[in-house]
Amino acid sequence: MRIASPYKNILVTGGCGFCGSAFVCFVVDSAPDVHVTVLDKLAYAADLDSIAGLSKDGVELVVGDVCDSNLLERLVPGHDAIVHYAAESHNDNSIADPAPFIATNIEGTYTLLQAARAFNVRFHHISTDEVFGDLALDDPRKFTEESPYRPSSPYSSSKAASDMLVRAWSRTYGLKATISNCCNNYGPHQHSEKFIPHSIACIQRGERPKLYGDGLNVRDWIHVEDHARAVWSILTKGAVGETYLIGAN
Ligand SMILES: NC(=O)c1ccc[n+]([C@@H]2O[C@H](COP(=O)([O-])OP(=O)(O)OC[C@H]3O[C@@H](n4cnc5c(N)ncnc54)[C@H](O)[C@@H]3O)[C@@H](O)[C@H]2O)c1
């Protein structure tokens, strides 16, 4: 289905990653009048195949770092929206070495916010429900936009910090920004380090998948294309200054 867009040129950071590439594919397939620029530093989790089949007219890849303010100064003008997916995204890696998480997730978000502010560009920040920590297994409540932040790993703390920066730039500088906190994603092109691909690979090798704790934990999972559609709705219909939670219940 062809969809109308209020934006003509969208910059998607991390658009070669698992979630970002699903969003890029959704936009290029559904809104062919929109031009998408992907900014991605092609870190280990990037998968060029995930956007390889798209029309070259609809999407351009710029290989670079969201922490590079000089690059952003050249790249951001001419875009009317930024959707910020780029991140270090794997919890276990953040425990082994937090430094890249602080650099990309916090400093990178700051650098991008400054560029969005300088050129008055609509900004959507992709975040995670992991900023809310976890609930007891028998707790009937769900996270809401009002839930307190209780991040528990270097990854989730860095995402929580980036959310706070976005709120501050929205309130202090009037940046037209929204945030979405999504639950766990599954779907094509997910890196093999993540829970579902990793568990499948273990089973294929005849090994038991690794579960944390007693294995009774409950998680909410959403298909990555549903996440992409939700982000598009927020970008095009969401109220500036708001935070939205995305989940599959
Ligand atoms: N995967 C999930 O289940 C999930 C759930 C909720 C929210 N999110 C959020 O979605 C976003 C993307 O997650 P993902 O699972 O697609 O991650 P991913 O690791 O698959 O992809 C991240 C992408 O960002 C790029 N990147 C990393 N550092 C960069 C930098 N400094 N400059 C430019 N590009 C850089 C990588 O090369 C990669 O292509 C993250 O912000 C994450 O917090 C993910």
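The residues of the chain are indexed from 1 along the displayed sequence. Start at 1 and go down the list; that is how both ligands and their atoms are numbered.
- Scanning all protein heavy atoms for the shortest distance to atom 22 (C) of ligand 1 gives Ala87 O, 3.5 Å.
- When Val12, Val34, Val24, Thr37 are each tested for a side-chain contact (heavy atoms from CB on, under 4.5 Å) with Val59, only one passes: Val24.
- For Thr104, a nitrogen or oxygen atom sits less than 3.5 Å from a nitrogen or oxygen atom of ligand 1, counting backbone and side chain alike.
- Salt-bridge formation is detected for the pair Asp33/Arg2: a Lys NZ or Arg NE/NH1/NH2 atom is positioned less than 4.0 Å from an Asp or Glu carboxylate oxygen.
- The distance criterion of under 3.5 Å between nitrogen or oxygen atoms is met by Ala43 with respect to ligand 1.
- Judged by distance alone, the side chains of Ser127 and Asp163 do bring a donor and an acceptor atom under 3.5 Å apart.
- Using a 4.0 Å cut-off to heavy atoms of Lys159, the atoms of ligand 1 that qualify are 40 (C), 41 (O), 43 (O).
- Atoms of ligand 1 lying under 4.0 Å from at least one heavy atom of Tyr85, given by number and element, are 11 (C), 12 (C), 40 (C), 41 (O).
- Ligand 1 has a nitrogen or oxygen under 3.5 angstrom from a nitrogen or oxygen of Phe18.
- In terms of protein heavy atoms, atom 1 (N) of ligand 1 is closest to Cys19 SG, 3.7 Å.
- At least one N or O atom of Val66, backbone or side chain, sits closer than 3.5 Å to an N or O atom of ligand 1.
- Contacts between Ser127 and ligand 1 below 4.0 angstrom, taking non-hydrogen atoms only, involve the backbone exclusively.
- Not one N or O of Gln190 is nearer than 3.5 Å to an N or O of ligand 1, by distance alone.
- In this structure, the protein non-hydrogen atom closest to atom 37 (O) of ligand 1 is Asp40 OD1, 2.6 Å.
- Ring centers of Tyr7 and His79: at least 6.0 Å apart, outside the cut-off.
- Residue Asn185 places at least one N or O, backbone or side chain, under 3.5 Å from an N or O of ligand 1.
- Taking any N or O of Cys183, backbone or side chain, none lies under 3.5 Å from an N or O belonging to ligand 1.
- For ligand 1, the polar-atom distance check against Ser89 finds a nitrogen or oxygen pair separated by under 3.5 Å.
- Of the protein's non-hydrogen atoms, Lys41 N, 3.1 Å is the one closest to atom 34 (N) of ligand 1.
- Close approach of ligand 1 to Asn184 (heavy-atom distance below 4.0 Å) involves ligand atoms 3 (O).
- Under a 4.0 Å heavy-atom criterion, Gly108 is not in contact with ligand 1.
- Residue Gly64 places a heavy atom less than 4.0 Å from ligand 1.
- Under a 4.0 Å criterion applied to the non-hydrogen atoms of Cys16, ligand 1 contributes the atoms 39 (O).
- Every atom of ligand 1 with a heavy atom of Leu42 under 4.0 Å away is listed here by number and element: 37 (O).
- Contacts between Tyr155 and ligand 1, counted as non-hydrogen atom pairs separated by less than 4.0 Å, involve the side chain only.
- Using a 4.0 Å heavy-atom cutoff, Thr13 is absent from the residues neighbouring ligand 1.
- Taking a cut-off of under 4.0 Å to the non-hydrogen atoms of Cys182, the atoms of ligand 1 that pass are 6 (C).
- Heavy atoms of Val224 found under 4.0 angstrom from ligand 1: none, in either backbone or side chain.
- Contact atoms of ligand 1 toward Asp65: 30 (C), 31 (N), 32 (N) (distance under 4.0 Å to a heavy atom of the residue).
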